[in-house]
A.B. asks: 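I am attaching a structure below and will ask some questions about it afterwards.
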Protein chains: 2
Amino acid sequence: MIDLAILGLLTEQDLHGYELKKRLGELLSGRASISFGSLYPALARLEAQGHVKAVDQPTAAPITPMTGSLAGELSAFKARVRESSIVKVGGRGKKVYGITDAGRGRLVELMTDPDLSDDRAFTLRVAFARHLDSNPRLELFERRRTELLGRRDALSRRTADRRHDRYLGALQERDADHLANDLAWLDRLIDLERTPSMQSTEEHS
Amino acid sequence: MIDLAILGLLTEQDLHGYELKKRLGELLSGRASISFGSLYPALARLEAQGHVKAVDQPTAAPITPMTGSLAGELSAFKARVRESSIVKVGGRGKKVYGITDAGRGRLVELMTDPDLSDDRAFTLRVAFARHLDSNPRLELFERRRTELLGRRDALSRRTADRRHDRYLGALQERDADHLANDLAWLDRLIDLERTPSMQSTEEHS
DNA sequence: TGTTCGCTACATCGATTCGATACATCGCAA
DNA sequence: TTGCGATGTATCGAATCGATGTAGCGAACA
């Protein structure tokens, strides 16, 4: 779900397409990046639906606009733009997108979608979990836990009838390890969520 | 790469579309199944390329073909077909596919493809690893190991500059665990491959 | 000075894949 | 016999990918 990725990122900061792609690549640790061939159509779709809209200035630090149009003034303006925000965002390129109220609503929908079978989508939801209230967040984790338990059962049931070769067996072993790993990890997250210590989740620094 | 999945499965037994989908679902433990919308076009493509071809009988047990065309004869034929092999394969449905020599060549190409970045494709290659010679198989594992080491480095480098929130951090932790897990698993596989004990990999059965 | 290179940025192309759906046939049970 | 669920092939539109094409810009270098 590319919409989830886009809306989640735009919740934190207005961005243009290229930056979106880069951020997402970092967020998901290299793998599971998105391609331009899906990004730009998705942005157009979201804009048509009113979930995002093009803005002319990055929100981070409003830049004093150009007054004249002389060459010297121009380059000074560019320099101001370039250094205005922590990372360069919408330097010269066009089309900086921001999220709308409708988009924020849509994001909540996507975050609380009952389908937990898509691993990539779940990863994205965790990445944006701070935008979720404590309650649905906890529910997200617990429903994911149920999903993983189901997979583990299915896997162990499949392991029963084995006339596999060595490599099939190794794959199942790897799956089981991953599953156990993820479950332990989820349990840790759930515990952290339940203990009311440190409610300040270093809110949007 | 759906071609890899199809050719790999057909190497072991002639199958029709529906069976292919089921087998693949089992093979990959539920997740990562393929859809009909990609399966049938892929089969048509592979047939056009000469990598698979439609066969009229499942290989398992050749069935005496129909001689007449009377209704009684027909149902008897169907019954014979249905009970001819261990699992029902091509029961009444048409289009049982088998792999060709060209297809086998293509499979080797896909199995030894240098791109190890696609996790799904790598999993499939391991699942069909028994069809590979010992040498390219070992190489497959070792190149995958290099790939994973690269990811781990990238990840730890990214962990350095952290102003993440709690959930981002948790995701990175999970990735690191998975990576360590996979590397240990791969090392075990490589060790097994290197020790010349038990060269009989319970060949095709 | 200008020229070349690489990065940023937007955009589109064809091919692949997905998810849904349609439409038959079969086996089985109410 | 009727109706339902599993089997089976097939196609549709939408989503996505990977490749490629464009430009502008800054830095390096002759």
Side-chain angles (χ1 to χ4, degrees), chain A residues 1-6 14-25 28 31-49 54 58 71 74-75 77-79 81-83 85 87-97 110 113 115 117-118 120-121 124, chain B residues 1-6 14-25 28 31-49 54 58 71 74-79 81-83 85 87-97 110 113 115 117-121 124:
Chain A
M1 222 48 169
I2 201 173
D3 296 12
L4 176 58
I6 293 174
D14 292 352
L15 292 169
H16 52 161
Y18 195 86
E19 263 296 305
L20 273 168
K21 180 168 158 57
K22 273 204 309 180
R23 298 281 179 110
L24 197 63
L28 278 313
R31 80 177 166 312
S33 180
I34 52 179
S35 62
F36 290 124
S38 40
L39 176 59
Y40 289 112
L43 278 172
R45 195 195 324 135
L46 287 171
E47 190 173 21
Q49 290 166 344
L74 177 62
S75 64
F77 171 71
K78 282 178 186 170
V81 170
R82 206 163 33 248
E83 290 160 23
S85 53
V87 293
K88 90 185 68 167
V89 66
R92 166 207 46 82
K94 315 268 159 47
K95 292 269 192 154
V96 174
Y97 290 96
L110 291 173
D113 186 285
D115 180 16
S117 59
D118 186 341
R120 303 256 293 285
L124 278 176
Chain B
M1 221 48 166
I2 201 173
D3 296 14
L4 176 58
I6 293 174
D14 291 353
L15 293 169
H16 52 151
Y18 196 85
E19 263 296 305
L20 273 168
K21 180 168 158 59
K22 272 204 309 180
R23 300 280 180 111
L24 197 63
L28 277 314
R31 79 178 165 310
S33 181
I34 53 178
S35 62
F36 290 123
S38 40
L39 176 58
Y40 287 112
L43 279 172
R45 196 194 324 135
L46 286 172
E47 190 173 21
Q49 291 166 344
L74 178 63
S75 65
F77 171 71
K78 283 179 186 170
V81 170
R82 204 163 34 249
E83 290 161 20
S85 54
V87 294
K88 94 184 66 168
V89 66
R92 166 209 44 84
K94 312 274 159 45
K95 293 271 194 151
V96 176
Y97 291 95
L110 292 172
D113 187 285
D115 180 16
S117 59
D118 186 342
D119 294 0
R120 301 258 293 285
L124 279 176

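All values below were derived from every heavy atom in this structure, side-chain atoms included, with hydrogens, water molecules and symmetry-related copies excluded. So you know, we letter chains A, B, ... as the sequences are listed, proteins then strands, and number each from 1.
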A.B. asks: Over all heavy atoms of both residues, which pair between Glu19(A) and Leu15(A) is shortest? Give the atoms and the distance, please.
C.D. replies: CB-CD2, 3.9 Å
A.B. asks: Which residues pass the side-chain hydrogen bond (donor to acceptor under 3.5 Å, both in side chains) test with Arg45(A), not counting sequence neighbours?
C.D. replies: Asp3(A)
A.B. asks: Rounded to whole Å, please give me the gap between CG in Leu46(B) and P in dT16(C).
C.D. replies: 10 Å
A.B. asks: Between atom OH in Tyr18(A) and atom C1' in dG6(C), what is the gap in whole Å?
C.D. replies: 10 Å
A.B. asks: Counting primed atoms plus P, OP1 and OP2 as sugar-phosphate and everything else as base, spell out the protein contacts along nucleotides 13-19 of chain D at 4.0 Å heavy-atom distance: B, S or - for each nucleotide, 5' to 3'.
C.D. replies: --SSBB-
A.B. asks: Between Ala54(B) and Glu47(B), what is the shortest heavy-atom contact and its length?
C.D. replies: N-OE2, 3.6 Å
A.B. asks: Measure the distance from CD1 on Ile6(A) to P on dC10(C) and round it to the nearest whole Å.
C.D. replies: 12 Å
A.B. asks: I'd like to know if the side chain of Lys95(B) reaches the main chain of Gly17(B), judged simply by a donor and an acceptor atom lying under 3.5 Å from each other, with no hydrogens or angles considered.
C.D. replies: no
A.B. asks: Is Tyr40(B) close enough to dA10(D) that one of its side-chain N or O atoms is under 4.0 Å from OP1 or OP2 there?
C.D. replies: no
A.B. asks: Would you kindly give the NE2-to-P distance between His16(A) and dG24(D), to the nearest whole Å?
C.D. replies: 18 Å
A.B. asks: Give the rounded distance in Å between these two atoms: CD of Glu19(B) and C1' of dT9(D).
C.D. replies: 14 Å
A.B. asks: I need the minimum non-hydrogen distance between Ala5(A) and Leu124(A), along with the two atoms involved.
C.D. replies: CB-CD1, 3.9 Å
A.B. asks: Name the atoms and distances for all side-chain donor-acceptor pairs under 3.5 Å in residues 36-44 of chain A, with sequence neighbours left out.
C.D. replies:
| residue | atom | partner | partner atom | Å |
| --- | --- | --- | --- | --- |
| Ser38(A) | OG | Ser35(A) | O | 3.0 |
| Ser38(A) | OG | Ser35(A) | OG | 3.1 |

A.B. asks: For the pair made of OH in Tyr97(B) and C1' in dA10(D), what is the distance, rounded to whole Å?
C.D. replies: 10 Å
A.B. asks: If I take atom CG in residue Leu43(A) and atom C1' in nucleotide dA9(C), what distance separates them, rounded to the nearest angstrom?
C.D. replies: 13 Å
A.B. asks: Quick one: Leu20(B) CG to dT9(D) P, roughly how many Å, whole number?
C.D. replies: 9 Å
